[in-house]
Each structure stands twice: as structure tokens, then as C-alpha cells.
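First up is the structure itself, then whatever we jot down about it.
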Amino acid sequence: MNGLIILGLLIALMLTGMPISIALGLTVLSFIFGFTQVPLESVALKLFTGIEKFEIMAIPFFILAGNFLTHGGVAKRMINFATSMVGHWHGGLGLAGVLACALFAAVSGSSPATVVAIGSILLPAMAKAGFPARFGAGIITTSGALGILIPPSIVMVMYSVSTNTSVGALFLAGVVPGILLAFFLGLTAWWRARKFNYPRQPKATLAQRLNALRESFWGLLLIVVVMGGIYTGLFTPTEAAAMAAVYAFIIAVFVYKDMRLKDVPRVLLASANMSAMLLYIITNAVLFSFVLANENIPQHLADWLIGMGLGPIAFLAVVNILLLLAGNFMEPSSIVLIMAPILFPVAMKLGIDPVHFGILIIVNMEVGMCHPPVGLNLYVASGITKMGITELTIAVWPWLLTMLGFLVLVTYWPPLSLWLPNLLMK
């Protein structure tokens, strides 16, 4: 009954149009004051201890690194490199968009940042080359979602904070699924381009490819700095985030020189605003988890589901449906911070690997970012393309169906996520 009261309060507040973070906080306070004897001091203490985790520091650093890269010319050079490699195939610029999104995802950790950085440069070029607007918009909107699956990923850090799962293992687990999803999205783009005979670019010479690689080298090196540093033991994922921010600042300002020193305060302020918003959501989500744990709601839910005879296969199907429904009206950070503490104990009782479960949740979040009414990538792409949400929704369907098929693969084939962590972290 207490669980239904908490859920009812949260839904009622969200239906008023209130931001998720405030709805979470008010739900917690209303329930504590109205239905429990929990002292107010413990609530205040939880507000501070909830964000004391070292891993949370990675979030503002990855946001800062992503903002430096978005404004610092890295995306443009990655697009040039991707175009030189695959531009001569059917739908070449579209394939270049998928590859560029995958590369930029590996240095930014954010899906909206990937859509902005790649889409704002590539979509006008695709329109100029004669591609239909919907084709380009569909590719960039869905491929931009790779930003939260290919490590480093801000959403992975949030899942780690919510469930005490290793960030390093999650980062490793995202590599193979991320590459495979990029391949499937590219295959869908190639098939449609071949079917409708979309334009192809002239094949780049070896010299042109080497020149594009040389120009994008410093941006691509960030992937090696972050991932290599973590897995050689040079620094933790949080320290890697700080290194990424410093490195991104240096290459944007002093190497590529696409950003002036006077632009840096503006980037710092934008990063601080976004970090504050996410930390506020995290704080309220920690309070929400505290109330759930205090009332033993996750444990009761786990016992109930297991008592119904729900095995791992059926449970994972239910989780996918729940998360896809949640993606209709919540953004990824909120879903992870609210749903993970509830569903995680059930998954553990059913013997599901916590890292595999995390990747499954993140792929669900990717799908949610690409469909209405709250898909973040749709709104970001709409701002770039000047297309309406309805038209964009039609544009993304071929790639969205590909992502749903991939979600089934990730859900029921755990080695896809676990092979690399098991290989490198034994």
C-alpha cells in the first residue's frame, strides 16, 4: 500500500507539469511527513550524504569535456575523417554521420551533445548534396543516442551511483554493444540509400584519408587517453573525466584554436548549469531511494514477483516494457535514478548480472530518447533541422525499429555485454 501511495503521489505531481526533480522531492517530503515517523534530521543528512560519492564528480567533468569538444572544432574534423572512410558507399554522408556520432560519443558521454555537434555540421551538408531532409534527420537523431552507450557515458555513471556497480565494468560492457548498434544503424542507412538511390561521394584517395586522420588525431586521441588510462590503472573513471576536461580544453583552445580564451567562461557557465540540474535530480532521487528502502518496497516487490513464478526471461521482458513506457514521459537520468533502485534488487534475486542489467537499461534509454513525447534527441534535432516533432518521428522509424530489434538481442544474449569485461577484468 505504501508503494502505491508513493507512486500515486509521484505520478500526480508529474501530471501537473512539474519538473521531475521537484516532483521527486515533494513526493518524498509529503510521504515522510504524512505516513512515517522518520525524523527531519535524517532527511537533511541524506541530502548531503547522497551526493558524497566520488563517482558523481565524473558527471560535471564529462559535461565540461563534452562542451569543450562541441564548441572546439573536434566534431568537424571527425566528420571529415568519417566521410573520407565511408563517403563513397551508398548513402555515404549518412554512413559518415553514424561513424562520426560513434566517434564523438566516445569522447563526449552525452547524446544531446552528439546530436548538436554532428547534426549542426552534417545535416546542412547532406541537404546540399541532395539527400532528403528526413533521411539525414533520422540518422543523426538515432545515432546521437550512441552517446550514452559508447563509453564514457554520464548515464552509466548514474546507474553505477544508484546500484553500486563498477563504473569501469560498465564502461567496458558498453564498447561491443555500442559498436554493434552503430553497425546496425549504418546498415539500415546503407540499405535505404541503396533502395532509393541516394547520392554517393567521390572515393577519397589514401592521401586524403591520411590527411583527415592527421587533422582529427588529437580528438581521437582522447578516446585512448580516457579508456586507456582507466584500464591500465593510471586513473579511476572519475579522474579520467577530469583528464578528459583538461585535455578537451587544451586541444580546443591551443591545438585546434577553434575556441578563444574569452569563450571559455561561457562554456564553463553552461557546464555548471547543466551539472547543477543533474546533481539536483540525483539528490532528490537519492531521497526517493531512501524512502523506498526505508519501507522495504524493493524487497517486497522482489518477493512478490518471484512468488508469482516470474523467471529471468519474463522479468526482463517486463523491465523492457516498463522502461519503454517510462521513456514516453521521462528523460534518461530520471528513469535510471528512479527505476534502477526498484528493479535492481529483483534482478539480483533472479541471478541477472548487474553489468548486463545496466546495459539493458541504457539501451532502453537510447530508444526513449528517439521517440515522442519527451525524446530529448527529437527536440535537439528539431532545433537543428527546423522540422516538427511529428515529421521527425516519421523520419526516425526505420532506425527506431532497428534499435528495438537490438534491444531484444542485448536483453537475451548477456555475453554481448559481458564478454569484454570478463576478458579484461579477471
Interatomic distance, OH@Tyr379 vs CD1@Ile384, rounded to 0.5 Å, equals 15.0 Å

Closest heavy-atom pair, Leu122 versus Ala96, reported as atoms and distance to 0.1 Å, is CD2-C, 4.4 Å

When rounded to the nearest 0.5 Å, the distance separating CD1 of Ile150 from CZ of Phe104 is 12.5 Å

- Is the Phe406 ring parallel, tilted or perpendicular to the Phe184 ring (thresholds 30°, 60°)? perpendicular

Taken in chain and number order and not counting sequence neighbours, the residues that satisfy salt bridge (charged side-chain N to carboxylate O under 4.0 Å, His left out) with Arg134 are Glu391

Quiz item: Do the side chain of Tyr247 and the main chain of Ala65 share a donor and acceptor less than 3.5 angstrom apart?
Solution: no

Report task. Look at the rings of Phe249 and Phe254 and say which category their plane angle falls in: under 30° parallel, 30 to 60° tilted, over 60° perpendicular. Result -> perpendicular

What one should report as the nearest heavy-atom pair of Ser160 and Ser166 is OG-C, 4.4 Å

| said: Between Ser382 (side chain only) and Gly388 (backbone N and O only), is there a donor and an acceptor less than 3.5 Å apart? | reply: no

Taken in chain and number order and not counting sequence neighbours, the residues that satisfy ring-ring contact (aromatic ring centres under 6.0 Å, His included) with Phe135 are Phe131, Tyr198, Trp399

query = Has the side chain of Ser143 got a donor or acceptor atom that lies under 3.5 Å from a matching backbone atom of Ile140?
reply = no

Nearest heavy-atom contact between Pro265 and Leu261 is CD-O, 3.5 Å

Of all heavy-atom pairs linking Gly186 and Leu95, the shortest is O-CD2, 3.1 Å

In short, Ser30 meets Leu9 closest at the heavy-atom pair CB-CD1, 4.2 Å

request  = Test Phe171 against Val157 for side-chain contact (heavy atoms from CB on, under 4.5 Å), laying out the working first.
outcome  = CA-CA 9 Å; Phe171 279 8; Val157 176; 4.2 Å; yes

For this session: Spell out, as yes or no, whether a donor-acceptor pair under 3.5 Å connects the side chain of His356 to the backbone of Tyr412.
Result: no

Note to self: Is any side-chain heavy atom of Leu409 closer than 4.5 Å to one of Leu180?
What the structure shows: yes

Given the options Val155, Leu400, Leu149, Leu407, Glu366 meets side chain to side chain contact (heavy atoms under 4.5 Å, CB included) only with Leu149

*Are the side chains of Pro112 and Asn377 in touch, meaning some heavy atoms are under 4.5 Å apart?*
yes

Here the gap from Leu99 atom CG to Phe81 atom CZ, rounded to the nearest 0.5 Å, amounts to 7.0 Å

Is the backbone N or O of Ala212 less than 3.5 Å from a side-chain atom of Asn80, with the two atoms forming a donor-acceptor pair by type? no

